[in-house]
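Following: one structure in structure tokens, then a few remarks.
Keep in mind the model is a prediction, meaning the values are calculated, not measured. Below, read A as the first sequence line, B as the second, and so on, with proteins coming before strands; counting in each chain starts at 1.
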Amino acid sequence: MSVQDDLETVNWDVSEDAHITVDNEQCVTCEDKPCLHLCPAECFDYQEDQEGGIYFAYEPCVECGACMVFCANDPDKGAVSWSKAEGGKGVEFDFG
Amino acid sequence: MTDASFDVVVVGAGRAGVAAAYKLADEEFDVALVERAKQPGMKNVTGGVLYGSILDDLVPEFPEEAPLERHVVEHNIKLLHGDAEVSIGYRDLELREEPNYTLMLGKFDRWFVDRAVEQGVTFLPETGVKDVTQEADRAVVHTDRENGDIACDAVIGADGVNTTVGRKTGIQRTMRNEDMALSVKKVIDVGREEIDRRFNLDSDEGAAYIYTGFPEGAPTIGYFIYTFEEYISVGAVGGLETLRWLGSEGYGDTGTPLYSLLERFMELDTVRPYVRGDAVEEYQGILVPEHSYDSLPGRYDRRVALVGDAAGLVLNKGYTFRGLDYGIKSGLVAAEAAVECEADADWDSFGQRYDDRLEDSYVLQDMKQHRHLPRFLENERMYGAYPGIATETLRSMYSANTDASGLTWRQAYRAFRRSDAGFLDLLRDGYRGLRSL
Ligand SMILES: Cc1cc2nc3c(=O)[nH]c(=O)nc-3n(C[C@H](O)[C@H](O)[C@H](O)COP(=O)(O)OP(=O)(O)OC[C@H]3O[C@@H](n4cnc5c(N)ncnc54)[C@H](O)[C@@H]3O)c2cc1C
Ligand code: SF4
Ligand code: SF4
């Protein structure tokens with residue numbers, strides 16, 4: 001099982017507007033890139049040809065808030081601009 | 001200009017917010033409950049066990065009426081060490097006298113909101129709160145609905161761990177890795193009878209399992225298994241700061257994410273028999289506040305009170321989580337403060353009154369009593385050396401292959417001498433542990 005298989009079990013009502021964005025310029029100087037292993041939904045992917053090596057997709061976000069804490073709130077990182085998906089949009093859990 | 005007005009607006013329909021709104025409606029307040037999800041519970045995740053006596057007064061009939069999973073009669077603590085596991089199990093039929101149940105928030109929160117609406121609460125789903133402002137004689141809740149500003153006397157921010165209300169008003173300080181743990185969890189379809197068999201339970205009985213010691217010596221990382229009626233939940237929790245350094249294997253590498261640790265945990269020989277084989281029905285990820293009493297973030301301003309996870313009111317005791325009941329209690333306390341303000345026609349002291357009452361409540365008394373526990377649980381020896389000592393001691397007691405000469409306490413002493421822990425460490429940790437549990 002990979003987390004991608006697990007994510008198949010999750011539903012989203014994806015918004016047209018991204019609730020989280022990444023300013024790739026900030027990623028250039030970020031050495032350890034914790035987003036690659038701390039995001040539980042693998043929204044951050046390492047791609048050589050992206051500025052700073054980061055490709056970000058908001059669609060599979062499970063809205064945990066981790067990237068706000070480890071990136072947006074870290075003055076040495078700060079590529080992430082974080083907000084919650086608008087009312088009625090985003091991840092929808094069945095069980096909780 | 002605002003578009004609607006209420007006495008009190010509660011932001012977030014988790015149990016903390018619903019309890020506050022329910023109680024206020026009960027007291028004849030005109031109260032709005034604003035929730036960003038389409039349906040209650042859709043955004044919410046817990047473990048978990050509800051320590052339910054907190055609902056006795058508000059909804060005395062909840063054990064019969066609410067969609068609960070299993071009545072918890074057994075708790076297990078398991079220390080992992082390599083191929084071995086040392087466990088302490090506690091099963092007690094007297095626990096049946098206490099209304100402690102496993103639950104799934106998807107079902108529970110929907111039921112609780114329905115009850116609150118019957119009570120007179122105005123429920124506004126699919127409505128995200130963007131900001132809260134305080135003016136001279138009122139507060140205003142700004143939502144993402146068109147013409148969606150709501151005026152009120154006071155706001156209860158019950159919007160969970162990443163609280164919009166707390167962040168936008170500046171009540172909550174900026175959260176950093178040290179303040180938060182990450183959790184990932186799977187809900188697995190096992191089937192009712194198979195759960196009864198696997199976990200040795202009667203059909204309505206439930207059990208809770210907490211694990212530490214994997215990977216060896218990694219502080220703050222733990223796992224849990226809870227039994228629901230037909231499903232089990234299996235999850236991993238770890239401090240964000242630990243996960244950051246544990247996972248940073250280098251550039252472009254995905255390191256060791258928490259979901260990979262959970263996978264490996266589920267493959268351990270001692271764990272697999274409980275969790276194997278069945279279909280994963282849902283995968284979830286969420287943050288858990290990890291404050292000690294002394295590092296709790298701010299929780300009030302003039303006309304705003306933060307309750308539940310929004311105020312960081314969660315205690316990871318190492319052997320159990322408390323947060324569901326703390327949330328409900330803090331919501332009730334905020335409602336009581338509002339009743340007082342209304343009676344005195346003095347809303348500017350709402351936040352202060354809430355905080356004074358909360359300080360006297362069992363929630364903050366509990367957290368105060370356990371104020372040293374979070375630091376104690378960061379101690380690496382708890383996750384490596386000590387499970388190792390316990391394992392080696394038991395191995396020398398039970399294994400026919402080891403050189404089992406001497407008395408048990410001598411074997412324990414030898415295991416201890418072979419470990420990395422020093423004698424003073426043991427004394428110090430033992431003392432701290434006793435003091436904080
Ligand atoms: C893995 C795990 C295991 C746990 N196990 C246990 C356990 O066994 N026992 C226990 O007692 N506790 C446990 N806890 C803690 C417990 O789950 C939480 O403390 C509790 O759920 C907090 O409830 P709450 O009402 O404060 O917040 P939440 O349940 O998070 O509710 C917040 C609500 O606000 C809404 N919202 C958020 N932002 C906005 C906005 N801007 N506008 C409108 N609405 C908004 C959300 O959609 C949500 O409905 C566990 C937690 C985790 C993560
Ligand atoms: S942690 Fe933030 S700054 Fe660093 S690479 Fe990831 S997104 Fe960029
Ligand atoms: S909020 Fe959580 S799931 Fe969403 S992108 Fe950030 S870390 Fe990933």
Side-chain polar contacts of residues 81-96 of chain A - donor-acceptor pairs under 3.5 angstrom, sequence neighbours left out - could you list them?
| residue | atom | partner | partner atom | Å |
| --- | --- | --- | --- | --- |
| A:Ser83 | OG | A:His19 | O | 2.9 |
| A:Lys84 | NZ | B:Asp159 | O | 3.4 |
| A:Lys84 | NZ | B:Asn162 | O | 3.1 |
| A:Lys84 | NZ | B:Thr164 | OG1 | 3.2 |
| A:Glu86 | OE1 | A:Ser15 | OG | 2.7 |
| A:Lys89 | NZ | A:Asp13 | OD1 | 3.2 |
| A:Glu92 | OE2 | B:Lys38 | NZ | 2.5 |

**Message:** Heavy-atom pairs under 4.5 Å with chain B - which of A:Gly65, A:Ala41, A:Ala72, A:Cys35 has more of them than the others?
**Reply:**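 Maximum pair count with chain B is reached by A:Gly65.
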Salt-bridged, B:Lys43 to B:Glu35, with N to O below 4.0 Å?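 The answer is no: the pair does not qualify as a salt bridge.
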Chain A contact via [X] - side chain, backbone, both or neither, heavy atoms under 4.5 Å:
X: B:Arg145; result: neither
X: B:Phe228; result: neither
X: B:Met180; result: side chain
X: B:Asp144; result: side chain
X: B:Leu182; result: side chain
X: B:Thr46; result: both

Problem set entry | OH-OG1 distance between B:Tyr231 and B:Thr102, expressed to the nearest 0.5 angstrom |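 Reported value, rounded in 0.5 Å steps: 13.5 Å.
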For chain A, which of [options] has the most heavy-atom pairs under 4.5 Å?
options: B:Met104, B:Lys107, B:Glu282; value: B:Glu282
options: B:Leu105, B:Leu287, B:Val45; value: B:Leu287
options: B:Gln284, B:Met266, B:Lys185; value: B:Gln284

Residue list, side chain to side chain contact (heavy atoms under 4.5 Å, CB included) with A:Pro34, at least two apart or on another chain =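 Testing A:Pro34 for side chain to side chain contact (heavy atoms under 4.5 Å, CB included), a comparison that skips the adjacent residues, returns A:Cys30, A:Asp32, A:His37, A:Leu38, A:Phe70, A:Lys77, B:Arg244.
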* Asked: For the side-chain contact (heavy atoms from CB on, under 4.5 Å) test, which of B:Ile232, B:Val49, B:Val187 pairs with B:Tyr226?
  ->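 It is B:Val49; the other options fail the test.
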Would you tell me whether B:Thr143 and B:Thr127 have side-chain atoms, one donor and one acceptor, within less than 3.5 Å of each other?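 Short answer, no.
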* Pick one: which of B:Asp325, B:Asp309, B:Asp109 meets salt bridge (Lys or Arg N to Asp or Glu O under 4.0 Å) with B:Arg15? ->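 When salt bridge (Lys or Arg N to Asp or Glu O under 4.0 Å) is applied between B:Arg15 and each of B:Asp325, B:Asp309, B:Asp109, only B:Asp109 qualifies.
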